Amino acid sequence: MKAPHLSLVLSALTAGAFAASAADWQKRSIYQVVVDRFATSDGSSPPCFTGDRRYCGGTWDGLINKLDYIENMGFDAVWISPIVANVAGNTSYGEAYHGYWPSDINNLNPHFGTPDDLKNLVTALHGRGMYLMVDVVVNHMVALPDNTSASTAGVPALDYSTITPFGTSTDYHAPCFIQDYNNQTDVEQCWLGDVNLPLADLNTENQTTVDIMYQWIGDLVKTYDIDGLRIDTAKHIRKDFWPGFASAAGVFTIAEILEGSTDYTAPYTQVLDSILDYPTYFALTDGFKSASGNLSNIANIITQAQKSYKGGAFSTGAFLDNHDQPRFASTTSDQSLVRNAMVLPYIHDGIPIVYYGQEQGFQGASDPDNREALWLSDYVDDPAQRPLLDQLGRLNAARKAAISAPGYSFLESPMKFVSPPGEAPTIAISKPPLLALLTNLGNQSTVVYGLPDAGLGNNTAVIDILNCAQWRTGETGEIHVKREHGMPQVLMPASVLSAMNSTLCRDVVTKLAAGQGTDSGAPRENRQSLVAIMFAFVVTGLSMMLV
Ligand code: ABC
Ligand code: CA
């Protein structure tokens, strides 16, 4: 990771105790919240029809009251949707409940609370040792059409006087909608949105605009003691705008570059601390969509990221869902696929990011359906009733234990793909002390994995932290394990759980330490029968693919 900027060091001295560096963020896991949809101030549960695209009533104050819910799952950072005032009233695409249509960067969005409410949120988070990441939009501003003037290049004229501080048409690039995503000048200087709702593209080539934005972000970070920024639409502004912006902010930055190719995304890792790992996202969702998904492409893409990103794949945030994409759970009814895909961000080099509602099994598809009100779930937090919440809690705990496990350097060890060749429906990812064994064969399958070296030591008791099954590596570190119903496995040495005093699978770990363990797994004498099962699995797999 980058060494901290001088300005970062200075802000650490002046701001609260939390001025966080990229290295600090690397140890975290982030929970992403659309504020309007997360929690109401009084804890009430008003109806919220996503298709209406209206404000539903969530607030920063409501979020404060639900921090236990987030923290109890093991998250130690929260990314909130944009905070500044947005275009008022109804547009062709509804109200600005998501926050991405700024109209006044010098005031907060009153729908979400007051400046004091936001400060209280930060104080509450910091009181728990948690970080706040704020989503910021710099690329565009939004105003309603000015119906008295003619349109230009198909872009309707806007009432710029409603925008602060960029209140005239000359503050913006000449109107044109982005037509050609292969033309980077188009991407940077034409406009997002459409004829129903243009997103007026700020002239970020103009030095006055640049100065205003740098001053603004520095002030915003200081005023609210923000720990990190998610930078919206980063690919829509020239790359050399960003280093100055990041240094004015003085905190960790993660950029949204919505693009599937690492060739395209890599240069942005040179100008900002990190990027949201969209290339992995596309490979991940494609790989686990069904048994015909291509899992080796996940390995290919991540390997490319590890080679081409500054800081390797460490300079990313890894995610399965967000507010712009259909929830993965909306694309399959097979829970084993969801469970497998959910593991990847946690064995990834980057920072795991989980979109609110995944834990409750929400299944909203495209925008706006993927922005459900969480209160409609009643915030059920009993792991016995919510298997995905249970799994996320386990993954957070395992990653935390791995990060500080003595004798390992989890955060410096790039993830490795160790699948034996020819086993396309499975993928094995090693990042000691963790080993993830994943499959897209589905809930009817039984999978047997055999690896010549699990990377977890020789003759070592290991635990699958997802179901507390015990296994043992062989004399040269090899491992043979079996899992039913197409479920994922995340293996970790029992000694690490014990040394970290982890609550994960505590009964099993304690018994093992007392010499009472009985390996559920693959003692050497059972190898023969495992080979037979592996054969059976291959047959099952094939017949499933033929159906
Ligand atoms: C509204 C309605 C939608 C309606 C839409 C036309 O208008 O709500 O129902 O369909 C905000 C709101 C949205 C709203 C938009 C527009 O504003 O949240 O609800 O949609 O008014 C960020 C935010 C996003 C936000 C904005 C705008 C930007 O995360 O929430 O949206 O501030 C582009 C941008 C990206 C942006 C995204 C929505 O649009 O680059 O920053 N997200 C290609 C392009 C991408 C492009 C994408 C979608 O199409 O390369 O740049 O994203 O248009 C891969 C390729 C990619 C390709 C994808 C689709 O396939 O590799 O290149 O992406 O394989
Ligand atoms: Ca732009």
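Below, each value reflects all heavy atoms present in this structure, side chains not excepted, and no hydrogens, waters or symmetry copies. Counting from 1, the numbers follow the sequence of the chain as shown. Remember, it's 1-based here, ligands and their atoms both numbered in the order they're listed. Model, not experiment: these values are computed from the prediction.
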Undergrad: Distance to 0.1 Å, residue and atom name: give those for the protein heavy atom nearest to atom 46 (C) of ligand 1.
TA: Y181 OH, 3.8 Å

Undergrad: Is any heavy atom of the protein nearer than 4.0 Å to atom 32 (O) of ligand 1?
TA: yes

Undergrad: Can you pull out the closest protein heavy atom to atom 41 (O) of ligand 1? Residue, atom name and distance to 0.1 Å, please.
TA: E256 OE1, 2.7 Å

Undergrad: Identify whether NZ of Lys or CZ of Arg in R37 sits under 6.0 Å from the centre of the six-membered ring of Y356 and within 45° of that ring's axis.
TA: no

Undergrad: Can you name the atoms of ligand 1, numbered from 1 with element, that are less than 4.0 Å from a heavy atom of R230?
TA: 29 (O)

Undergrad: Under 4.0 Å from a heavy atom of T233: give me the atoms of ligand 1 that qualify, with their elements.
TA: 28 (C), 41 (O)

Undergrad: State which residue, out of H236, H173, E188, Q189, fulfils the side-chain contact (heavy atoms from CB on, under 4.5 Å) condition with T204.
TA: H173

Undergrad: With heavy atoms under 4.0 Å as the rule, classify the contact between D324 and ligand 1 as side chain, backbone, both or neither.
TA: side chain

Undergrad: Going by the atom numbers of ligand 1, which of them fall below 4.0 Å from some non-hydrogen atom of K235?
TA: 40 (O), 44 (C), 45 (C), 50 (O), 51 (O)

Undergrad: What protein heavy atom sits nearest atom 25 (C) of ligand 1, and how far off is it?
TA: Y100 CG, 3.7 Å

Undergrad: Which residue and atom name correspond to the protein heavy atom nearest atom 10 (O) of ligand 1, and how close is it?
TA: R53 NH2, 4.7 Å

Undergrad: Using a strict cut-off of 4.0 Å, indicate which atoms of ligand 1 neighbour a heavy atom of H236.
TA: 34 (C), 40 (O)

Undergrad: Could you tell me which atoms of ligand 1, counted from 1 in the order shown, lie closer than 4.0 angstrom to a heavy atom of H323?
TA: 23 (C), 24 (C), 29 (O), 30 (O)

Undergrad: For atom 1 (C) of ligand 1, what's the nearest protein heavy atom and its distance?
TA: Y93 CG, 4.0 Å

Undergrad: Among protein heavy atoms, which sits nearest to atom 60 (O) of ligand 1, and what does the distance come to when rounded to 0.1 Å?
TA: F282 CZ, 3.9 Å

Undergrad: Shortest non-hydrogen contact from D349 to K431?
TA: OD1-NZ, 2.7 Å

Undergrad: Do me a favour and list the nearest non-hydrogen protein atom to atom 55 (C) of ligand 1 with residue, atom name and distance?
TA: G260 N, 4.0 Å

Undergrad: What protein heavy atom lies closest to atom 48 (C) of ligand 1? Include the residue and the distance to one decimal.
TA: L258 CD1, 4.4 Å

Undergrad: Inspect the contact between D324 and R371 and indicate whether a charged nitrogen and a carboxylate oxygen are less than 4.0 angstrom apart.
TA: yes

Undergrad: Indicate yes or no: does E359 engage R386 in a salt bridge with an N to O separation below 4.0 Å.
TA: no

Undergrad: Tell me the contacting part of W101 for ligand 1: side chain, backbone, both, or neither, using a 4.0 Å heavy-atom threshold, strictly below.
TA: side chain

Undergrad: Is it possible for you to check whether K66 lies under 6.0 Å from the centre of the six-membered ring of F38, through NZ or CZ, and within 45° of that ring's axis?
TA: no

Undergrad: Would you give the angle at the Ca ion (ligand 2) between E188 atom O and D201 atom OD1, to the nearest 10°?
TA: 110°

Undergrad: Identify, by atom number and element, the atoms of ligand 1 in contact range of H140, meaning under 4.0 Å from any of its heavy atoms.
TA: 27 (C), 32 (O)

Undergrad: Strictly under 3.0 Å, is any N, O or S atom of N139 next to the Ca ion (ligand 2)?
TA: yes

Undergrad: Would you find more than 12 non-hydrogen atoms of other residues, nucleotides or ligands less than 6.0 Å from F49 atom CZ?
TA: no

Undergrad: In ligand 1, which numbered atoms sit nearer than 4.0 Å to a non-hydrogen atom of H98?
TA: 12 (C), 18 (O)

Undergrad: Tell me whether H236 has at least one N, O or S atom under 3.0 Å from the Ca ion (ligand 2).
TA: yes

Undergrad: At what distance, to the nearest 0.5 angstrom, does NE2 of H348 lie from CG of D277?
TA: 4.5 Å

Undergrad: How far apart are the C-alpha atoms of Y172 and Y160, what are their side-chain angles, what is the distance that settles it, and do they pass the ring-ring contact (aromatic ring centres under 6.0 Å, His included) test?
TA: CA-CA 10 Å; Y172 300 86; Y160 292 101; 5.1 Å; yes

Undergrad: Which of these, V78, L132, D24, L125, sits in a side-chain contact (heavy atoms from CB on, under 4.5 Å) with D227?
TA: L132

Undergrad: Is there a side chain to side chain contact (heavy atoms under 4.5 Å, CB included) between T280 and I301? Walk through the geometry before answering.
TA: CA-CA 6 Å; T280 297; I301 296 276; 4.2 Å; yes

Undergrad: I need the contact type for D232 against ligand 1. Using non-hydrogen atoms and a strict under-4.0 Å cut-off, is it side chain, backbone, both or neither?
TA: side chain

Undergrad: A side-chain contact here means heavy atoms from C-beta on lying under 4.5 Å apart; do N370 and F362 qualify?
TA: no

Undergrad: Show, in sequence, the C-alpha distance, side-chain angles and deciding distance for Y100 and N86, and conclude whether the side-chain hydrogen bond (donor to acceptor under 3.5 Å, both in side chains) test is met.
TA: CA-CA 7 Å; Y100 293 98; N86 270 222; over 6 Å; no

Undergrad: For atom 43 (C) of ligand 1, is the nearest protein heavy atom closer than 4.0 Å?
TA: no

Undergrad: Determine, step by step, whether Q304 and N300 satisfy the side-chain hydrogen bond (donor to acceptor under 3.5 Å, both in side chains) criterion, reporting the C-alpha distance in whole Å, the side-chain angles of both residues, the deciding distance to 0.1 Å, and the verdict.
TA: CA-CA 6 Å; Q304 283 167 24; N300 295 341; over 6 Å; no

